[in-house]
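Written out below as structure tokens is the structure these notes cover.
Please read all numbers here as calculations on a predicted model, not as lab measurements. Per chain, numbering begins at 1; letters A, B, ... match sequence-line order.
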Amino acid sequence: MPFTLATWNINSVRLREGLVARLMSEEAPDVLCLQECKSPVEKIPLEQFASLGYGHIVARGQKGYNGVAILSRQPLTEVAAHDFAALGHARHVAARLENGVVIHNFYVPAGGDIPDREKNEKFGQKLDYLTQMRDHFIAEKPQRAILVGDLNIAPREDDVWNHKQLLKIVSHTPIEVDHLAAVQEAGDWVDVTRADIPEGPLFSWWSYRSPDWQNADKGRRLDHVWATSDIAGVAHSSRVLRDARGWDQPSDHAPVFATFDL
DNA sequence: ATGGTGGTGCCACCA
């Protein structure tokens, strides 16, 4: 049975409950992974989502910051929720579908403004978070697994609007790209979005500070869909729902989709 | 420069 998955940094699930409902109604992914819910789990509007067919959830939350949730039309079993780098943040949760596929939902730390761990503690925490992700996937080799989320790194030249101009900007620095590549290698993860759409600019985030974001198009691809190599071959129909960035009171991220014939 | 949250009433912190 094919299933479609979407990942979306929602930037407050309570403020944007209506946008989540719209995505559920209009696009109807089987599984919807959210990041930056900015809400304790008990305050997520679950009844509204259940009424739209998303009766299953696993989540980690905290007041005001971070927060990740997996909403599903089919049953889920929570299998993990790691606090990499011991930040005390709700940045990861993982669940298993009935077909055995495990879905990891991540919100990787943004890392602050200065790409130097001596001058900016947050940048060090981001690198440490990625290192511990790598070590985890070395210790526990994932199989039949999908990893999605806001990884806060745009790894490729065509994942940003201007490669040269962003080389010293957090999210596109070589050291972050190297750390992300190490995570990918450790888990034998395939970048499903880029396997599907190999060439050309592809963005999932446009700053709120960018006026005329649509025409200026100064975006970055921060949101990712990966799969282990044993199932990556059955993925297809990847896309970014750019329209959602233009909805009323939008998130600064657009949802990213993929379908798996499993 | 824009926007969300939370604790107080505009400001700090985060992205």
Side-chain angles (χ1 to χ4, degrees), chain A residues 7-23 33-45 59-69 83-92 105-117 119-130 133 148-155 159-162 165-166 168-173 175-177 179-180 203-224 240 242-256:
Chain A
T7 179
W8 196 10
N9 178 318
I10 192 61
N11 189 16
S12 175
V13 71
R14 293 163 70 193
L15 187 72
R16 295 191 228 284
E17 174 183 348
L19 297 192
V20 175
R22 179 170 175 183
L23 189 85
C33 297
L34 299 175
Q35 304 86 33
E36 272 206 279
C37 298
K38 293 188 172 177
S39 172
V41 175
E42 62 271 20
K43 290 195 174 179
I44 296 174
R60 282 292 185 276
Q62 60 186 94
K63 193 164 72 172
Y65 303 102
N66 310 313
V68 286
D83 178 23
F84 293 126
L87 301 173
H89 296 173
R91 296 185 177 275
H92 171 256
N105 184 15
F106 278 100
Y107 175 48
V108 171
D113 287 332
I114 303 167
D116 179 346
R117 71 186 309 155
K119 296 176 184 161
N120 168 21
E121 183 185 32
K122 289 197 175 72
F123 193 72
Q125 290 172 349
K126 181 178 197 174
L127 299 181
D128 292 347
Y129 193 94
L130 292 160
M133 280 175 74
V148 304
D150 178 2
L151 305 185
N152 265 315
I153 296 170
D159 290 339
V160 294
W161 65 277
N162 186 318
Q165 210 161 321
L166 288 172
K168 293 181 177 176
I169 301 297
V170 172
S171 74
H172 193 60
T173 64
I175 191 169
E176 291 170 87
V177 172
H179 277 63
L180 189 67
F203 310 141
S204 65
W205 174 86
W206 296 261
S207 173
Y208 284 126
R209 298 185 213 188
S210 175
D212 195 20
W213 69 271
Q214 190 122 226
N215 289 310
D217 203 18
K218 294 183 173 180
R220 306 178 200 168
R221 188 171 71 104
L222 303 180
D223 302 276
H224 298 265
V240 176
R242 190 181 166 116
D243 281 0
R245 180 61 178 78
W247 291 352
D248 281 345
Q249 276 207 301
S251 167
D252 46 354
H253 294 252
V256 181

Quiz item: Of A:Asn152 and A:Ser210, whose nearest nucleotide on DNA chain B comes first from the 5' end?
Solution: A:Ser210
Quiz item: Can you tell which of A:Asn152, A:Val108, A:Asp83 makes a side-chain contact (heavy atoms from CB on, under 4.5 Å) with A:Tyr129?
Solution: A:Val108
Quiz item: Who are the ring pair (Phe, Tyr, Trp, His ring centres under 6.0 Å) partners of A:Phe106, not counting sequence neighbours?
Solution: A:His92
Quiz item: When you compare B:dC13 with B:dT8, how far apart are their P atoms, in angstrom units rounded to a whole number?
Solution: 14 Å
Exercise. Answer yes if the side chains of A:Glu36 and A:Asn9 hold a donor-acceptor pair under 3.5 Å, and no otherwise.
Key: yes
Quiz item: Would A:Asp217 and A:Arg242 pass as an ion pair if we require N to O under 4.0 Å?
Solution: yes
Quiz item: If pairs are Watson-Crick or G-U with both distances under 3.5 Å, what is the dot-bracket string of DNA chain B, marking crossing pairs with [ ] and pairs to another strand with |?
Solution: .(((((....)))))
Quiz item: Between residues 245-254 of chain A and DNA chain B, which residues have a heavy-atom gap below 4.0 Å?
Solution: A:Gln249
Exercise. Take atom P in B:dG6 and the same atom in B:dA1, then report the distance between them in whole Å.
Key: 25 Å
Exercise. Say whether A:Ser251 and A:Asn11, considering side chains only, have a donor N or O and an acceptor N or O under 3.5 Å apart.
Key: no
Quiz item: Do any of residues 106-117 of chain A sit with a heavy atom less than 4.0 Å from DNA chain B, and if so which?
Solution: A:Tyr107, A:Ala110
Self-check item: A:Arg117 with A:Asp128: basic N within carboxylate O range, under 4.0 Å
Solution: yes
Self-check item: Separation between CH2 of A:Trp8 and CG of A:Leu34, rounded to the nearest 0.5 Å
Solution: 8.0 Å
Exercise. Taking side-chain contact (heavy atoms from CB on, under 4.5 Å) as the test, write out the residues that go with A:Val170, two or more places apart.
Key: A:Pro115, A:Phe123, A:Lys126, A:Glu176
Quiz prompt | Distance, C1' atom - from B:dG7 to B:dC14, rounded to whole angstrom | solution = 15 Å
Quiz item: Can you tell me how far C1' in B:dC10 sits from the matching atom in B:dT5, rounded to whole Å?
Solution: 14 Å
Quiz item: About how many Å separate CG of A:Leu222 and CD1 of A:Ile153, when rounded to the nearest 0.5 Å?
Solution: 9.0 Å
Quiz item: Taking the six-membered ring of A:Trp213, is the NZ or CZ of A:Arg245 close enough (under 6.0 Å from the centre) and on axis enough (within 45°)?
Solution: yes
Quiz prompt | DNA chain B: 5'-most and 3'-most nucleotides touching chain A, 4.0 angstrom heavy-atom criterion | solution = B:dA1 to B:dA15
Quiz prompt | Approximate separation, where rounding is to 0.5 Å, of A:Lys38 NZ and A:Asn66 CG | solution = 9.0 Å
Quiz item: Which part of the nucleic acid, if any, lies within contact of A:Arg91, taking any heavy atom under 4.0 Å across all strands shown: a base, the sugar-phosphate backbone alone, or nothing?
Solution: sugar-phosphate
